Structures are given as structure tokens and as C-alpha cells.
Peer 1: 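My questions all concern the structure below.
Everything numeric here is computed off the predicted structure, so don't read it as measured data.
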Amino acid sequence: MKKSKAFFLSMMMVMLPLSNVDVTAKPENVPLQVGIVDPTYDQGERPRSPIPQVSIEDYTLTFSTSCYGYTLELVDENDVVAFTTIITSDTLLLPSTLSGEYQLRLIPNDGNIYFYGYVMF
């Protein structure tokens, strides 16, 4: 009986550290900047819309600020659009086949500006 208790306690000591490992990813904010599509195009006063708030966790983007109707692009290091879609909700699941660093672009459909930041998969 003492051997089985000792075995049980030693197994608990081995497994205890495994039960404390946090395997959940925490959302990271994606810092965005403003870009100008065509600086020579004069369309009057620039819009004063706030910069959207975006976070990423694994392959899920969450928009704290409404980006409904914006075009989302992920552009690779060769300036090739690897993924594009129209945003229709507050969360967006990206393809799990993405790998590496991408420039994330949010493009409103009314204006000469876009918002961009960088994400890594």
C-alpha cells in the first residue's frame, strides 16, 4: 500500500506542472497607422474618422471599432495580396494556411485613406 501511495504522489508531482501551463493565447492589439491611397488626389478636407481598434488571437481578428463594409487585405513581403475580404461582422476568422508576416490593410470604401499595421502568423 505504501508503494502505491508513493507512486501516486510522485505521479502527481510530475503532472502538477503540466496542469498549470496556460495554453490559451491572449489577444494582441494590432497598432494601426493611416496611409494615403493617392496623395496627389484632391478630395477636399481629409476625414476625421478614428483609427479602428483591432486585435488578433491565433487566426481571429476582432474589431472593437466598427469596420463594417471595409475591405481587409493581407499583403505579403512581396507586396502581393494574399487574402482579401469585405468585413461584415465584429470578428473575422482568417485562413489557417497563412504563415509569416503580413501588412494588414483596412480600406474604407469612402475616401482616400486606409489603415495599416502588421501581423505575424
Side-chain angles (χ1 to χ4, degrees):
M1 184 78 161
K2 282 188 173 191
K3 283 187 178 181
S4 64
K5 243 185 195 180
F7 177 75
F8 177 75
L9 287 174
S10 63
M11 288 304 294
M12 289 301 294
M13 294 302 287
V14 169
M15 296 190 71
L16 185 61
L18 296 176
S19 65
N20 292 332
V21 174
D22 183 12
V23 294
T24 59
K26 296 193 174 157
E28 292 184 39
N29 288 329
V30 179
L32 298 178
Q33 300 177 29
V34 178
I36 308 252
V37 175
D38 180 3
T40 63
Y41 178 72
D42 182 23
Q43 62 181 29
E45 189 174 326
R46 293 209 171 114
R48 305 249 188 255
S49 59
I51 296 176
Q53 302 295 309
V54 181
S55 61
I56 187 166
E57 181 177 353
D58 294 324
Y59 289 89
T60 302
L61 290 175
T62 303
F63 305 97
S64 300
T65 311
S66 176
C67 294
Y68 184 83
Y70 284 25
T71 299
L72 178 131
E73 293 180 347
L74 292 177
V75 181
D76 69 15
E77 61 197 22
N78 298 316
D79 209 29
V80 174
V81 176
F83 177 79
T84 186
T85 190
I86 303 294
I87 299 170
T88 59
S89 70
D90 292 338
T91 60
L92 177 65
L93 182 60
L94 299 170
S96 61
T97 55
L98 294 168
S99 178
E101 184 177 46
Y102 294 88
Q103 184 183 68
L104 179 146
R105 295 179 185 168
L106 297 173
I107 308 164
N109 43 359
D110 60 346
N112 195 31
I113 64 168
Y114 64 98
F115 305 100
Y116 69 95
Y118 295 89
V119 293
M120 177 77 78
F121 298 99

Peer 1: Would you kindly confirm whether Met120 and Tyr102 end up in one hydrophobic cluster when ILVMFWY residues are joined by side chain heavy atoms under 4.5 Å apart?
Peer 2: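 Shared cluster, no.
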Peer 1: Considering residues at least two apart in sequence or located in another chain, which fulfil the ring-ring contact (aromatic ring centres under 6.0 Å, His included) criterion with Tyr116?
Peer 2: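 ring-ring contact (aromatic ring centres under 6.0 Å, His included) check on Tyr116 returns Tyr114.
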Peer 1: Tell me the salt bridge (Lys or Arg N to Asp or Glu O under 4.0 Å) pairs involving residues 79-103, sequence neighbours left out?
Peer 2: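 Counting only pairs at least two positions apart or across chains, the salt bridge (Lys or Arg N to Asp or Glu O under 4.0 Å) contacts touching residues 79-103 are Asp79-Arg105.
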Peer 1: Could you list the residues that satisfy side chain to side chain contact (heavy atoms under 4.5 Å, CB included) with Ser66, not counting sequence neighbours?
Peer 2: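 Applying side chain to side chain contact (heavy atoms under 4.5 Å, CB included) to Ser66 gives Tyr68.
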Peer 1: Would a hydrophobic clustering, with Ile, Leu, Val, Met, Phe, Trp and Tyr connected at side-chain separations under 4.5 Å, put Ile87 with Ile51?
Peer 2: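 Same hydrophobic cluster.
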Peer 1: Excluding sequence neighbours, so at least two apart, what forms side chain to side chain contact (heavy atoms under 4.5 Å, CB included) with Asn109?
Peer 2: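 Side chain to side chain contact (heavy atoms under 4.5 Å, CB included) check on Asn109 returns nothing, list empty.
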Peer 1: Examine distances only and state if a side-chain atom of Asp76 and a backbone atom of Asn78 form a donor-acceptor pair shorter than 3.5 Å.
Peer 2: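 Yes: the side chain of Asp76 pairs with the backbone of Asn78.
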Peer 1: Should Ile107 and Leu74 be regarded as members of a common hydrophobic cluster, given that ILVMFWY residues are connected when their side-chain heavy atoms come within less than 4.5 Å of each other, either directly or indirectly?
Peer 2: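 They do not share one cluster, since no chain of ILVMFWY contacts under 4.5 Å joins Ile107 to Leu74.
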Peer 1: Can you tell if the side chain of Tyr70 reaches within under 4.5 Å of the side chain of Phe115, non-hydrogen atoms only?
Peer 2: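 Contact flag for Tyr70/Phe115 side chains = yes.
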Peer 1: Measure across Leu106 and Cys67 and return the closest heavy-atom pair with its distance rounded to 0.1 Å.
Peer 2: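 Heavy-atom minimum between the residues: CD1-SG, 4.1 Å.
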Peer 1: Rounded to the nearest 0.5 Å, what separation is found between the OG1 atom of Thr60 and the CG atom of Leu94?
Peer 2: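 Rounded to the nearest 0.5 Å, the OG1-CG separation comes to 7.5 Å.
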Peer 1: So which heavy atom on Gly117 is nearest to which on Leu32, and how close?
Peer 2: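 The pair with the smallest heavy-atom distance is N-CD2, 3.6 Å.
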Peer 1: With sequence neighbours excluded, what pairs up with Thr65 under the side chain to side chain contact (heavy atoms under 4.5 Å, CB included) test?
Peer 2: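 Thr65: side chain to side chain contact (heavy atoms under 4.5 Å, CB included) contacts with Pro52, Gln53.
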Peer 1: If you round to the nearest 0.5 Å, how far is CG of Asp58 from NZ of Lys26?
Peer 2: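 Lys26 NZ to Asp58 CG: 13.0 Å, rounded to 0.5 Å.
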Peer 1: I would like to know whether Ile56 and Leu104 meet side chain to side chain contact (heavy atoms under 4.5 Å, CB included); could you show each step before the answer?
Peer 2: CA-CA 11 Å; Ile56 187 166; Leu104 179 146; over 6 Å; no
Peer 1: Check ring-ring contact (aromatic ring centres under 6.0 Å, His included) between Tyr59 and all other residues, then give those that pass, not counting sequence neighbours.
Peer 2: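 Scan of Tyr59 (ring-ring contact (aromatic ring centres under 6.0 Å, His included), adjacent residues dropped) gives Phe121.
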Peer 1: Asn29: what forms a side chain to side chain contact (heavy atoms under 4.5 Å, CB included) with it, not counting sequence neighbours?
Peer 2: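 With sequence neighbours excluded, Asn29 shows a side chain to side chain contact (heavy atoms under 4.5 Å, CB included) to Ser55, given in chain and number order.
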Peer 1: Look only at the side chain of Thr84 and the backbone of Leu72, and say whether a donor-acceptor pair between them is shorter than 3.5 Å.
Peer 2: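 Yes, the answer is positive, given that a donor and an acceptor are paired below the 3.5 Å cut-off.
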Peer 1: For Val81, which fellow cluster members are found when Ile, Leu, Val, Met, Phe, Trp and Tyr are connected by side-chain heavy-atom distances below 4.5 angstrom, either directly or through intermediates?
Peer 2: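 Cluster partners of Val81: Val75.
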Peer 1: Is there a path from Ile86 to Leu93 through hydrophobic residues (I, L, V, M, F, W, Y) whose side chains come within less than 4.5 Å of each other?
Peer 2: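 Unlinked, Ile86 and Leu93 end up in two clusters.
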